[in-house]
Amino acid sequence: MADTMISEQVLAPIVENRAVAPDHVELIISSAVLSQAEPGQFAHILTPGMLRRPVSFSRIDQENGQVGLMFQIVGDGTRWLAERRHGEVLDILGPLGHGFAAPDPTKPWCLVGGGVGVPPLYAAAARYLHRSRPDVIIGARTADWVLMAQDFKDLGLDVTVATDDGTAGHAGTVMGPLETWLQDHPDGQVFACGPTPMLAAVSAACEGRATAYVALEQRMGCGIGACLACVVKAHGKEHAEYRRVCTEGPVFAAKELIW
Amino acid sequence: MADTMISEQVLAPIVENRAVAPDHVELIISSAVLSQAEPGQFAHILTPGMLRRPVSFSRIDQENGQVGLMFQIVGDGTRWLAERRHGEVLDILGPLGHGFAAPDPTKPWCLVGGGVGVPPLYAAAARYLHRSRPDVIIGARTADWVLMAQDFKDLGLDVTVATDDGTAGHAGTVMGPLETWLQDHPDGQVFACGPTPMLAAVSAACEGRATAYVALEQRMGCGIGACLACVVKAHGKEHAEYRRVCTEGPVFAAKELIW
Amino acid sequence: MVIDVSVSLPRGLTLKNPVIAASGTFGFGPEYSRYVDIGALGGVSVKGVSPEPWLGNPTPRVWETPLGLLNSIGLQNPGMDVFLQEDLPFLRDQNAVVIVNIIGHTVDEYAQVAARMNHEPGVAALEVNISCPNIKEGGMSFGQDPDQAYAVMKAVRQVTDLPVMVKLSPNVTYPGLIAQAVEAAGADMISAINTLVGLAIDIKHRRPALGGVTGGLSGPAIKPVALRVVYEVAQSVNIPIIGMGGIATATDVLEFLLAGAQAVMVGTVTFQYPKRMNEIIEALPQVLHEYGFASVRDAVGQALPGRAPIRGGGQ
Amino acid sequence: MVIDVSVSLPRGLTLKNPVIAASGTFGFGPEYSRYVDIGALGGVSVKGVSPEPWLGNPTPRVWETPLGLLNSIGLQNPGMDVFLQEDLPFLRDQNAVVIVNIIGHTVDEYAQVAARMNHEPGVAALEVNISCPNIKEGGMSFGQDPDQAYAVMKAVRQVTDLPVMVKLSPNVTYPGLIAQAVEAAGADMISAINTLVGLAIDIKHRRPALGGVTGGLSGPAIKPVALRVVYEVAQSVNIPIIGMGGIATATDVLEFLLAGAQAVMVGTVTFQYPKRMNEIIEALPQVLHEYGFASVRDAVGQALPGRAPIRGGGQ
Ligand SMILES: Cc1cc2nc3c(=O)[nH]c(=O)nc-3n(C[C@H](O)[C@H](O)[C@H](O)COP(=O)(O)OP(=O)(O)OC[C@H]3O[C@@H](n4cnc5c(N)ncnc54)[C@H](O)[C@@H]3O)c2cc1C
Ligand SMILES: Cc1cc2nc3c(=O)[nH]c(=O)nc-3n(C[C@H](O)[C@H](O)[C@H](O)COP(=O)(O)OP(=O)(O)OC[C@H]3O[C@@H](n4cnc5c(N)ncnc54)[C@H](O)[C@@H]3O)c2cc1C
Ligand SMILES: Cc1cc2nc3c(=O)[nH]c(=O)nc-3n(C[C@H](O)[C@H](O)[C@H](O)COP(=O)(O)O)c2cc1C
Ligand SMILES: Cc1cc2nc3c(=O)[nH]c(=O)nc-3n(C[C@H](O)[C@H](O)[C@H](O)COP(=O)(O)O)c2cc1C
Ligand code: FES
Ligand code: FES
């Protein structure tokens, strides 16, 4: 899959900069190379900091040679990115890593996203819709921060929302709706992306029932497998071992990992 | 004189940014405080670097509350400054240091400037013109880089130009025309500003003849006398001692200094 | 929200807040008084003072490096007598908590300055600088050897009742060992770090850029090294630490507190932003509150091993 | 303008240019081969290799600091057998000058790796890493004590004919002493510097930011310290020095040459700009020419004492 794919250093012009929620921006950038990405792969973006910033693709439009990068402003790098305007050019390494493989069309499918974990799931839904129709569970801190609900609906998908403060959908985390879904679909497959504690909970909830695939975040150096900064503990053949989020991941089968 | 003057941290808007020669820019900025400056004093300007950048005032227009800063682009700080536009605001400490005292009206007066040493001499000429009319010698590497010749002419002053490559005026340094002037005016007073080797030569040429005042450059830290970075060796009462260019200078009587 | 930012240190030394002007970057006070509200500072550590006047090093004495500053001032100072007569009165009149940074070529010279400062009205504490990289004899070498560091502190202790801090060099293999040596010799506090030895090259002239050849590196570039030394020393001794190195914001101050410092000094950033120490002091209560601390004291050492770390979301 | 950028080092080691990828920042080669023209590099120093696989440190393993990078990878590597079987062939096929960075918990482990690499086709030289701050036993402590540094180098020398460089730690009082010790033990070259020990604080979680607590500081922030160590070591030993620490441009390379390095390594900047080493190599002849040098060799050590400095205008 992604192994055979191209990855390059590209200079990609920004086509659009849109605010998608308070402190959340989506950049649409133009790059034929990046538009070859699998859902779940990421872009490693040059900013004024000492390290590039990893951001997953929110949309992958191969036809028009465009991709989306949706992110929350959390520090200097994302603030700088949020200020980039139409016509400015981003220096990006990508597409990088291993994304979500196509779901098994014979099994029920669910997407579980928390916060800025939602965008790569949308990319997966859009890519694999012709094989299978996922149920979608979106979690956020508050109603304003629910990302891409309308985008999923535009794909004709049902969306269940959960907010920590109850301002939209279920009050609480995604785990309530996910538990319901798992009870209805014990043989299902779950794609999840979001904060690490959420992924740990999803992984635990799926254990012995559904197959879970999770897209992880980890602090990165090189982004391409050379520096061993971005590792996560996994079950090796004999002992525990480290795998690289930037290369073997960011998407892993939940059962590979040691939580 | 300057001791009793104000010096503050001011936020001064740029009124005009004009190219005055290849790689030479003059910024006109608006600040009532800075326009109280004596000729030869300087502004300590915040740039993105770790230290502020000292630049002398090229013009001091007290009436309109404006001053000029004329500089050569030689590194990151001056490049950044050269890119500042009308309406942007500079963070400046100033006016700082001791400038040129008024010339003795009973003695012939000559200004000798090399390169970007010329601007503070123009400020001195403009300020003290009512007392005395200086002869002006301007040196530069090449014709394009002769600074402010027209400004001096607009004051009604005679200007002698010397260029290293002979593309304008005398071929050679300012020392040729200065020697001629000194022979004609052995009791004269000379105000000089330019590269340190030029100032050393001026000082030596004047010795035993004219009184020379020189405006020095030195790498600065604080710019206000606290860090002792910017010192120059001078004759103390008993021993050699260091004086601060930012505080006791930048203008010194040449005979105070140990060259 | 009432946040207590005061700091209590040994021998009755109290600071109204933990932000002290770092030695050598603030002269003897008057120069910055136009820009800085000196009375609002936690304290002022003055430029190093020796028994006799020192001339200092040849120029250039400063050079910029990536987010750092190299200096090679060479401890130019007018000597202790001129200091007391001409310079100290200004700061005393400002009611500043004055810390006199003392230097010498020999153990005896340190003791001379310390003795001279004892009982001088307006001197609140001494900072024994055994860590200046910019002089040939004495200076840093005292701070690079535990026995010599011990000897200097011991001699100083014998001649003064003032609170004494010893300023450590980061240019050693084990800063904790030097800290233990001076603690054993009677130091009341540690201040750390002095500058890292560095060099810049003037390519055009094919020579070291500074007149003194090597210089001391300060500024944001050294902050991680400074935090490491504070963190290590905090686990090596039982006396308070005044931390410094690259502090430019109130959150930087909080980092040093968490790493084990009780107070901080602020140097290089003042050259860019003369009012920054006052701004930090104003911002500090808000920053402490935001991160859940009710006082400066509350935050001290919270990142040291043995304190339960607050682990949260994210990674 | 024909500028000779080749470098001749001991035991017949020659580099087509002085720019080598620094250990730990370039993996074992294949990862960057998409972006970098590996064949055009002066050489590649691979990630540290130990006799058995090492797991490395907990995450987070990197943290940004002001113009610096803290890392605490902990020398994760697959061990020397896997390295030779699975990793070395790639670089050998690229005709890269491969420098194997070797690590161990004991003197004997260093010797084991050195012995294993001897006569392995494709291994051009060894770099003995006695300076990694990111492991508890061994690692840096060997590089902080002249006797231990001597012992490691001596053991390595006994089992290999390869050119050997020893990589120095800047986290010592006198780097020159360590350099002299390894020179006496038969080192052919010195490489310097490894990272400075630093710490960052994660304020939100009130703990050290890195999983390994302290980490190694690299990047532009440390360049002045690196130049100082190179400059000092160049005056302490008679063997060539490979300089590094914060190099990001061709003029940075020239600074290291002038300070006494014969070649350089480039690390952290590659994370930002993967093609930067190639760009530096392309720019270097022009930069040398501009400053009046006809070759890399010409520039080496020109800022050291005893060479007539070129003093010019300005100050
Ligand atoms: C594979 C991958 C995909 C990601 N996709 C997205 C996405 O689609 N949308 C989105 O909003 N965010 C995403 N993130 C997180 C995003 O990388 C960080 O929010 C961003 O790097 C923060 O940079 P900053 O300079 O604004 O923050 P700072 O906190 O100032 O950054 C400091 C350093 O920490 C790193 N860092 C900070 N937070 C994280 C984090 N959560 N994960 C990894 N490194 C971090 C930065 O890269 C930088 O090196 C992804 C992370 C990874 C690893
Ligand atoms: C009192 C005084 C008045 C000056 N007036 C003028 C003027 O009117 N016009 C003008 O063009 N230049 C003037 N200079 C020189 C000017 O300060 C430098 O050209 C400028 O600081 C270079 O900054 P940079 O970042 O572009 O160069 P860089 O070389 O990148 O600067 C690096 C560091 O070196 C310092 N530096 C570099 N060159 C000099 C220098 N010649 N003197 C002192 N510090 C230097 C910088 O301030 C900075 O800290 C004056 C200098 C002094 C001391
Ligand atoms: C120009 C300059 C002069 C200094 N002089 C002294 C000194 O006289 N005595 C001393 O103990 N430290 C001296 N220092 C070190 C500072 O007090 C401080 O330890 C160091 O700069 C780190 O803090 P910073 O990064 O906030 O500047 C000096 C630093 C600078 C930049
Ligand atoms: C992520 C990372 C990993 C490193 N791993 C090693 C290593 O395995 N062996 C070693 O000798 N040095 C290692 N280093 C140190 C570098 O080789 C180099 O000495 C240092 O980073 C300074 O150079 P730079 O500023 O150009 O990065 C590592 C550095 C980094 C940033
Ligand atoms: S970020 Fe370097 S290996 Fe993953
Ligand atoms: S620049 Fe600090 S004393 Fe002059």
Side-chain angles (χ1 to χ4, degrees), chain C residues 59-60 63 65-68 70 144-145 169-174 196-208 213-215 217 219-232 246 248 251 254-256 258-259 287 291-292 299 302-303 305 307-312 314-315, chain D residues 59-60 63 65-68 70 144-145 169-174 196-208 213-215 217 219-232 246 248 251 254-256 258-259 287 291-292 299 302-303 305 307-312 314-315:
Chain C
T59 57
W63 201 268
T65 70
L67 285 186
L70 277 174
Q144 292 187 316
D145 178 76
S169 171
N171 306 293
V172 300
T173 313
Y174 302 109
L196 282 160
V197 188
L199 178 89
I201 297 287
D202 178 344
I203 300 187
K204 212 159 57 176
H205 303 115
R206 305 182 182 182
R207 61 175 304 280
V213 182
T214 58
L217 184 64
I222 71 168
K223 197 181 73 170
V225 175
L227 283 168
R228 183 261 301 178
V229 173
V230 168
Y231 181 85
E232 265 178 35
T251 47
L254 179 51
E255 290 174 14
F256 277 83
L258 292 171
V287 168
Y291 287 98
Q302 288 303 318
R307 323 281 167 124
I310 312 244
R311 289 231 175 232
Q315 38 200 329
Chain D
T59 57
W63 200 268
T65 71
L67 284 186
L70 277 174
Q144 292 187 316
D145 179 76
S169 172
N171 306 292
V172 300
T173 312
Y174 302 109
L196 282 161
V197 188
L199 177 89
I201 297 287
D202 178 344
I203 299 188
K204 211 159 58 177
H205 302 113
R206 304 182 182 181
R207 61 175 304 280
V213 182
T214 58
L217 185 64
I222 70 168
K223 198 181 73 171
V225 175
L227 284 167
R228 183 261 301 177
V229 172
V230 167
Y231 181 86
E232 266 179 32
T251 47
L254 180 51
E255 289 174 16
F256 277 84
L258 292 171
V287 168
Y291 287 98
Q302 289 303 319
R307 322 282 166 121
I310 314 246
R311 291 226 175 238
Q315 43 199 331

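Everything numeric here is computed off the predicted structure, so don't read it as measured data. In the text below, chain A, chain B and the rest are named by the order of the sequence lines, each starting its count at 1.
Across C/Val213, C/Ile203, C/Leu67, the residue that shares the most heavy-atom pairs under 4.5 angstrom with chain D is C/Ile203. In terms of heavy-atom pairs under 4.5 Å with chain C, the best-connected choice from D/Asp202, D/Val225, D/Ile222 is D/Val225. Options C/Gly68, C/Pro224, C/Gly198 differ in how many heavy-atom pairs under 4.5 Å they form with chain D, and the most are formed by C/Pro224.
With a 4.5 Å cut-off on non-hydrogen atoms, D/Tyr174 touches chain C through its side chain but not through its backbone. Neither the backbone nor the side chain of D/Val230 comes within less than 4.5 Å of any heavy atom in chain C. Within the 4.5 angstrom heavy-atom criterion, only side-chain atoms of D/Leu70, from C-beta onward, approach chain C. Only the side chain of D/Leu254 has a heavy atom closer than 4.5 Å to any heavy atom of chain C.
Separating the CG atom in C/Leu258 from the NE2 atom in D/His205 is a distance of 12.5 Å, to the nearest 0.5 Å. The structure places CG of C/Leu199 at 9.0 Å from CD of D/Glu255, a figure rounded to the nearest 0.5 Å. Distance CD1/D/Ile201 to OG1/C/Thr251: 12.5 Å, rounded to 0.5 Å.
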Item to check | Check against side chain to side chain contact (heavy atoms under 4.5 Å, CB included), D/Tyr291 and C/Arg206 | outcome: CA-CA 9 Å; D/Tyr291 287 98; C/Arg206 305 182 182 182; 5.5 Å; no
Checklist entry - Given C/Asn171 and D/Arg228, is the side chain to side chain contact (heavy atoms under 4.5 Å, CB included) satisfied, shown in steps? => result CA-CA 12 Å; C/Asn171 306 293; D/Arg228 183 261 301 177; 4.0 Å; yes
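In terms of heavy-atom proximity, C/Pro208 sits nearest to D/Ala303 at CD-O, 3.3 Å. When all heavy atoms of C/Leu227 and D/Ala200 are compared, the closest pair comes out as CD1-CA, 4.5 Å.
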